[in-house]
Each structure stands twice: as structure tokens, then as C-alpha cells.
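Each ligand, and each atom within it, is numbered from 1 in the order the structure gives.
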Amino acid sequence: MAETQTNGVEVLETREWLDSLDYVLSQGGPERAGRLLQQLSLHARRAAGVNLPFTATTPYQNTIAAQQQPPFPGSQEMERRIKSLVRWNALATVVRANKIQEGIGGHISTFASAATLYEVAFNHFLQAQTESGDRDMVYFQGHAAPGMYARAYLEGRIPKEKLQNFRRELKEGGGLSSYPHPWLMPDFWQFPTVSMGLGPIQAIYQARFIRYLENRGLKTATGGRVWAFLGDGEMDEPESLGSITLASRERLDNLIFVVNCNLQRLDGPVRGNGKIIQELEAIFRGAGWNVIKVLWGSDWDNLMTNDRDGILVKRMGEITDGQYQKYFVESGAYFRHNLFGSDPRLLKMVEHLSDEQLSRMRLGGHDPIKVHAAYKAATEHTGAPTVILAKTIKGYGLGEAGEGKNITHQQKKLNEDELRMFRSRFGIPIPDEELQDAPFYRPADDSPEILYMQERRKQLGGYLPERKVRSKPIAPVAESHFEEFHKGTDGREVSTTMVFVRLLSKLLRDPEIGKLIVPIIPDEARTFGMEALFRQVGIYSSVGQLYEPVDMDTLLYYKEAKDGQILEEGITEAGSICSFIAAGTAYANHGINTIPFFIYYSMFGFQRIGDFIWAAADMRTRGFLVGGTAGRTTLAGEGLQHQDGHSHVLALSVPNLLAYDPAFAYEIAVIIQDGIKRMYVDQESIFYYLTVTNEPLAMPGMPEGKDVKEGILKGIYRFRTSTKKDAKLRAQLFGSGTIMYEVLKAQQILEEKYGVAADVWSVTSYKQLYRDGNDCDRWNMLHPGETPRVPFVTQSLKDAPGVLVAASDYMKVLPESIAQWLPRPLVALGTDGFGRSESRVALRDFFEVDAKHIVLATLTALAREKQIKLDVLQKAVKDLGINPEKANPANT
Ligand SMILES: Cc1ncc(C[n+]2csc(CCOP(=O)(O)OP(=O)(O)O)c2C)c(N)n1
Ligand SMILES: [Mg+2]
């Protein structure tokens, strides 16, 4: 009895407070109300120690209340019809492709759930070109691609024949790639996004890079935005969320994430037992983002307004995503009973609605008015990035064929009944008898729908997606920057890293290209001796330097500046490569020829962020990846997780990447000079991987001969010829990187102790030789009877006598990859196995790549050829001090 009374008083009291708040709201607006609530909570805490429980989430309702919504600016009816047309053609694209070619695949349900999110954006927000010439960068969800193709078809940009060849790119006349691939559709797609998680983080760094360009005066700030359309399942990828604080820290209000929360991923619910939208809200709010939830459509407005005591919102917040998914497939009666049935007051709220009406209540992400309101608020928000969490149904409109079902992601075929239902639901004028083939449907050019959509795109500056190379080629870079390195160091010992840094700092001073260079470092500048650049060009910071750096009184202090040039990314190779990609594609996306140099621990490149490098290749990124502290035995001390002996093997896999393992200063100069020319003067879609090391060595001058430069670039040239022309025992030794110096030592030992005359070749790139060899073989196979092409490495060695031995700081498979094009068998030494914490001398002995092992390998090859006797070889093992019983480093 007493309890009810208290309850009664509480209810009354609550009502009074709510009424007061309503009054404040009506008089002072939401801002005043917000301030008042803050004061109340402060007061409660100060006066009586009332601690409000921490909550990172807001109630399970729309962030933007119905009364705050702006009016919808277009014709809703027309846009609904256009959306239906896009929906149909997207569906037909996949269904037809699978009718013609069983098992070709594709996705229907992703776009089906996201159609409204895209259509509102296309009709009202995504700017292909603003008046000031800027544009939005849009990361489309990869497996929503059929929707983008369908729209482009309606816009008249993609012919029916191509649409028909979805996923059949090798068909005559060409087809459409499964997912966004700029490599395959260079006029259409800008960003490959279907390796999930790569899109969101790239969007963040793209938005930041735009600010970088603006702050450095390379681009005028004209308000282009970055939009990323993402899946809710995709947000589980560590890359998706890993860098979101960068976006808020940098106050990137030019960035908008739209997460399509259809509550499902491929196998089933994203958070069956929880709520993905609330979880994401907490994460993004905690990170300082502006979060807009779009949960309920206009059908719910009245219920929400009448929910004075918040019981409905509370109940909605209790339901798990798995249960919501169940409502999508169940009847209105089930919905009423299960959700509203928990409280008679709730049941009363919906008593005026039939079961049919209840089951049709639309979600926010399917309601253009709600989506428009969210986008508008997002574009108007300042000071922080925005994430829109839109609740949708996966496979929306597919009905029995998959709407909201766990199997929907994999659905690519519809039977005639299902097609008929979809057709009728979206009002597509295709007669029953034609339905079987799932034909495309496009109204005439002068139909109201097509005219409307064209007009909208015209207003927004053109079509999207679209990729266009906007930059002009640069003028050739002055020869003088590179000449110094051709001379050698007169015995002074320098590492190739130092050489690279010196060259970089010279290029940074160049009046033409200096400003275009973007040095990118994940917190390793000091490791690479790059700290002088801190002062020379400054570290980029969007706010300048708000503190007095501790090392202010030193020459090379840590200088942050708004127009700083270095992107000092902190410990994030993933973030750094995203900057590299943004800078390396700016020639197309922004019309600016920025030249990125991303320098990092070589071990943390291909094997850690290989998928990004693959995406960079797809995007036709230009620039230089520089793997520092490279070489399994050259990086002393650091041990197993740092010593890289395989990045060059992994680099073999990237088709448009040129990979070099230079030994000498002049090689680096020649390679970088040619790289800049090929990428930025000749505009080739290639990029570079260069390993540099930290072992100080005397750099020789470039040998005479006009074919040296050609050899450096093509992968091999003779560095030193033996003076003993008349020796009987002959060998050709290949060296790369710092192991070249072991090879040179071996040459001397062989000559002095064993009477073997050896020439030394510098192999700058096994990859180049491997590709050339394959290319020739292929051509020869396809052209029997014609004069065969001879691989460069074969030509180079045609008059070189003797046994062949290669040594590098990488796995043996690297030199072995070219063995088939050599005139005689190759003996390869390399660094297969796990690294060790040790000195260089000990490591080279352990991995058997030092001078003595090169000598032994050469003598072994000579013995095999019966040119020296077995006892000479046996004695050599002893004399060289090699323990024949030592463990095999490859598996130790
Ligand atoms: C890195 C990666 N792993 C797995 C996949 C395979 N895959 C494609 S779509 C998908 C489910 C996507 O779910 P969600 O992000 O929620 O997108 P939805 O289709 O629901 O909009 C998966 C696992 C992929 N494309 N990339
Ligand atoms: Mg999903």
C-alpha cells in the first residue's frame, strides 16, 4: 500500500518535472534545455553527491526528433520511383548474370537494404563538383556495387551490354567488375573497398589528407567531403574502428560515415544477443564523433510523440538485435504480441493499428525523410566527424526470397514467383511473360524519372562514382640532385638509409617538386636518421605547435607546424599506408601530383599491411614504399620479429610494383630518378618498393658504361670484372643489398686463395628479371617459329663463363626465381628461417651468406663441374672455418 503511494507520488513528481522541462524547451529551445540539464546534474553531484551512472549511449530512438526534421526538398514520389528502378536493375544484374552463368555470384541483399541510403545521397548530397570546383570522395560499400551499376545504367553511363556482363570482364566488349576496382574500371571506381575494413580507415586518412593539402596551400579549401558507406558487420574489422580517434582529434567535419545497420552480416546477426547500433554509438561517442541514429521511420513518429513516459523507447531498448530480426520476418500479430505485449500500456498505444499496419511500419534507414534529415545534420555539423547509424532490413523487398533471413547475403537467384512479387512491390512495368529472364528496365531518356535523376545529378555537378586523372605531368626533375651520388664516398662509410635520406632532403629543397613530396613515417624517423627533416620541413599538425618542445634549444627540434610537410603518423603502419595511398592517388582524385615516400621498418610492411598495398596497387597509387632496416642479417640485434628476409618475396606478388634491393648509393639515385620520371612525368600506373639498410659501408662510384643505368633499372649489371682474364677456374657472383659486400670479399678470397677468377654482378631487382623472363617465355610460346626473345638476364650473362652463385639477405627462392633463364645452374644462398638477436657477423655465419660461405658455394659448384677435386673442397671447408655439423638455419 505504502509502496503504491510512493509510486503514485513519484509519478506525479516526475510529471511535474517533465512539464517544467517541456516549458523550458518551448521557451528556450533544446540548447537552453540542455544547459539546464547539465546544471541540474552538476548541482545534484555537488550538493548531495548524486552520481549519475556513466552512459555512453542515448535511448534507442532517433537522434533527430520528428519536430526537428527539415522539410524534404525533392519529390518524394519521383524519388521513390527512381529508387524502385535502381532496385530492380540491381537485382536483375545479379539474377541475370547467374542465369547466364551458374555460380558467377553477386550480392542482392546488401544494396536492397541500403537503397534509400544511397538514393537520398545521390539525389541531394554527393557532390561530383561544387561551384568552387571541389568534389566529394565517396567510399561505396564494395558488395553494394550492383546498385551503383544499376544507377549508372539508368543515367545512361553504362550500356545494357555491359550490365549484362556483370562479373564477366573477359567477355567481348568488356564487362563489369564484381566490386569496385580502379585497376579494372579506371574511369569509374576510385576506391577498392570490398576487402572489408580498408574503406573506413582510408576514408579517415583521405579526409585528413585533404586538410593537409589545404593547410599546406596545395589546394584551396572548398568544402569537399568524404563519405564512407559501410556495413555493420564490417565494423568488426580492427581497421574500421582502429583510427576513429584520429578523425575526432583532427576535427574532421569533412568526414561522414554511413553505417548500414541491417543487423546482419554474412552468416547471421552481427550482434544477435546485443545491439550493434548502441555498441557503435558508445564507441563513436566515446571517441568524440557526432553520432546520429536513424532507427525509426515516420510511421513511428506518432507513437514516439505519445510515449510521454518513455515506456516504448525503454522497451525497444530491451529487445536484442536477434529478436528484431525475427520481427522482420514475422507477422504483425507476432510483433504486437512479443514487443508490445510485455505491458498493457504498450498494447494500448498500438491498439488503433491493424496487424498489417504494424508489420509495415518502416525503419529509419528506409525512410527518405529521416535519412535526408540525418545527412543534412551531418553536413552542417562542425568541429567533429559524423557517423550515421541507420537501421535497415537486409534484403529489403525480397520477401520470402530472403528479406531479413540469415541466408539472404548469399541469395543470388530468384524464381519467377519471387521476381513477380518484387516487380509488383516496386511497380516495375515488366509483363509476367518476360519476367523469367529478369530483363533490365530503363524508361526513355525523356521520361519524368530519367529527367529528374539527371537534373539532380546536374545540380550536384555530375556523376558519381567517377574516376578521372586530373593532374598534368610534371616537368623532368633536375639531373643535378642525383649526380652527387654517382661519385661514391671516397671510403667514407654511409648506410643506404643515409643515402636515401640525403637524397630525399635534396628533393625536398627542389623549387618545383619539393613541395609535392610527402614524407610519411610511423614513428621511426630517428631510427632512420631522418630527424634533420623535422626542422627542415616541419611535421604536419593541423593546429600548429601549442607547446614549447623540450628540445627547442637544439638545432633539430621537434617542430610541428600547420604547414609542416612530414606526416609523422605515430605507431600505425595501417594509418601510414592510408596516407601513402591518399597522397599517391591525389594525381587523380585531387589533380595534385603529390609524391609520397613512406619509410618504415621493412618487416612491418608487406606482412603486416599487405592487403593495403594490394589495394594501393588496385588504385594505381604512385610513390615509393621504402623498407628501412631491411635485410635478415643486416639489422643486427633486433631478432626474430624485426629481421626481414622475405619482403622482396612478398613484393613479387604485386603486379604493378617495382621492387629493388640496391647495394650502392648511385643505384638508389638512379632508381628514384627513374621512378619519379616514370610515375610523374610519363604518368605510368606503377609504384616502387625499395629496401634500404643501416649498415655503414663505403660507397663506390658508378662504373663507367652506358649500360650500367639500364642494368640497374632492369635488375642486373656487371659491377666488377675479374682482372685475371686467363684464369681457368671462373665464376659469376651475384650480390644484392649489403650482402654485395660479402660477395666482394668472396671474390677476393676466391682469387687469392683458390685461383678462381670471379666477376661480380649487382642484382638490384630479381623481380624485374623474373617478370622479364616470364614475359619472353610467354611470347616465345605464343609465337613459334619467330625469332625468340631473349630475357635480359640471359643476354647479360651470355658471354660470362664459369659457375653461377647468388647471395642476398632474402630467402633463397628470390634468386632461384630467375634460375631458369641462366646459362648454367645457379647456387643460391639466402636467409630462410627465423632471425636471431645477434651481430651481423654472427648472423651472416648462421644464415650462411657471408664471404666464406659464398666461397664454399662457388668451390662446390666448381667441384660439381669436375673443375676442382674433392679434396680441395674438403680442405676448404676446414680452412674457411666452417662447421659442417651446424644446424640448418632454415628450420632452426
Ligand atoms: C576482409 C574481408 N573478409 C571477409 C569478406 C567476405 N564478406 C563479404 S560481405 C560479408 C558480410 C558483410 O556484412 P556487413 O558488413 O554487415 O554488410 P551488409 O552486406 O550486411 O551490408 C563478408 C563476410 C570480405 N569481403 N572482406
Ligand atoms: Mg550488415
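Scanning the protein heavy atoms around atom 14 (P) of ligand 1, the nearest turns out to be Gly233 N, 3.6 Å. Scanning all protein heavy atoms for the shortest distance to atom 15 (O) of ligand 1 gives Glu234 N, 2.8 Å. Nearest protein neighbour of atom 22 (C) of ligand 1, counting heavy atoms only, is Met196 SD, 3.7 Å. In terms of protein heavy-atom proximity, atom 3 (N) of ligand 1 is closest to Glu237 OE2, 4.1 Å. For atom 13 (O) of ligand 1, the closest non-hydrogen atom of the protein is Arg265 CA, 3.4 Å. What sits closest to atom 25 (N) of ligand 1 on the protein, heavy atoms only, is Val194 O, 2.8 Å. For atom 17 (O) of ligand 1, the closest heavy atom belonging to the protein is Gln141 NE2, 3.1 Å.
Side chain to side chain, Lys370 and Ser298 fail the donor-acceptor criterion of an N or O pair below 3.5 Å. In this structure, a donor-acceptor pair under 3.5 Å is present between the side chains of Lys293 and Gln278. Between the side chains of Arg96 and Gln164, at least one donor N or O lies within less than 3.5 Å of an accepting N or O. Between the side chains of Glu569 and Ser579, a donor-acceptor pair is found at a separation under 3.5 Å.
Here Thr110 fails the criterion, with no N, O or S atom under 2.8 Å of the Mg ion (ligand 2). The Mg ion (ligand 2) has no N, O or S atom of Ser113 under 2.8 Å away, backbone or side chain.
Contacts with ligand 1 closer than 4.0 Å are made by side-chain heavy atoms of His409 only, the backbone lying farther away. Contacts between Lys394 and ligand 1 below 4.0 angstrom, taking non-hydrogen atoms only, involve the side chain exclusively. Only the side chain of Asn262 comes within contact range of ligand 1, with a heavy atom under 4.0 Å; no backbone atom does.
A ring-centre distance under 6.0 Å is not found for Phe606 and His648.
Considering both main-chain and side-chain atoms, Gln264 comes within under 3.5 Å of ligand 1 through a nitrogen or oxygen pair.
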- Could you walk me through whether Ser685 and Asn656 pass side-chain hydrogen bond (donor to acceptor under 3.5 Å, both in side chains), step by step? CA-CA 7 Å; Ser685 288; Asn656 52 349; over 6 Å; no
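Those atoms of ligand 1 that come under 4.0 Å of a heavy atom in Asp232, given as number and element, are 15 (O), 16 (O).
Of all heavy-atom pairs between Arg265 and Gly233, the closest is CB-CA, 4.2 Å.
A ring-ring contact (aromatic ring centres under 6.0 Å, His included) with Trp227 is found for one member of Tyr139, Tyr375, Phe140 and no other, namely Tyr375.
Annotation: angle subtended at the Mg ion (ligand 2) by Asp232 OD1 and Gln264 O is 100°, to 10°.
Arg467 forms no cation-pi arrangement with Trp189, by the criterion of a distance under 6.0 Å to the ring centre and an angle within 45° of the ring axis.
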